[in-house]
Every structure is written in C-alpha cells, then in structure tokens.
> 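For reference, the structure I am asking about is given below.
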Amino acid sequence: MNQKNANTDIRCSVESCVFHCNDCNYCSLQSIQVEPRKDCNTGCACDESMCASYRSR
C-alpha cells in the first residue's frame, strides 16, 4: 500500500489515482467529494458523476 491506510468505507479500483491502495482496491482518503460531470444529463451513472478527489499519480 505504499504507506497508505486503506479506508474500507471507500472502495476504488482507479489505479491511476495517487490515493488508490493498489493491493486492496480501497481509497486512502478519509472522505471523497463526488461531483456531477460538466454538461452531462444522460441519466446513466457512468456519465453523471465523478470523484472530484482524484489526483493523478
């Protein structure tokens, strides 16, 4: 986990995020911010929201 503490309340499989705990697919943050995606109103979950706490490695 590279000195990260997995938050088992936040599951994540986005390996390109600096907060991702590679060996267990959890986030190391205490909380995340979920925001709507800009200019999108399709009603499909994959289109509507994103993790605004994401930071690239």
> If you take all heavy atoms of S49 and R37, which pair is closest and at what distance?
O-CD, 3.7 Å
> So, for A6 and C24, which heavy atoms are closest and what is the spacing to 0.1 Å?
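The answer is CB-SG, 3.8 Å.
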> Apart from Y54 itself, what residues make up its hydrophobic cluster, given side-chain heavy atom links below 4.5 Å?
V14
> Please check this pair: side chain of N7 against backbone of Q30, looking for a donor-acceptor N/O pair closer than 3.5 Å.
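Yes: the side chain of N7 pairs with the backbone of Q30.
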> Between atom CZ of R55 and atom SG of C17, what is the distance when rounded to the nearest 0.5 Å?
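Nearest 0.5 Å value for the CZ-SG distance: 8.0 Å.
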> Could you tell me the separation between the CD atom of E15 and the CG atom of N25, rounded to the nearest 0.5 Å?
6.5 Å
> Who passes side chain to side chain contact (heavy atoms under 4.5 Å, CB included) against Q33, sequence neighbours left out?
E35, A52, S53
> Hydrophobic side-chain clustering at under 4.5 Å (ILVMFWY, transitive links): who's grouped with L29? Put none if nobody.
I10, V18, F19, I32, V34
> Can you name the residues that form a side chain to side chain donor-acceptor pair (under 3.5 Å) with R11, not counting sequence neighbours?
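Once residues adjacent in sequence are excluded, the partners of R11 under the side chain to side chain donor-acceptor pair (under 3.5 Å) criterion are Y26.
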> Rounded to the nearest 0.5 Å, what separates atom CG in N5 from atom SG in C21?
7.5 Å
> Mind checking side chain to side chain donor-acceptor pair (under 3.5 Å) for S56 and listing every partner two or more places apart, or none if nothing turns up?
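By the side chain to side chain donor-acceptor pair (under 3.5 Å) rule, S56 matches no residue at all.
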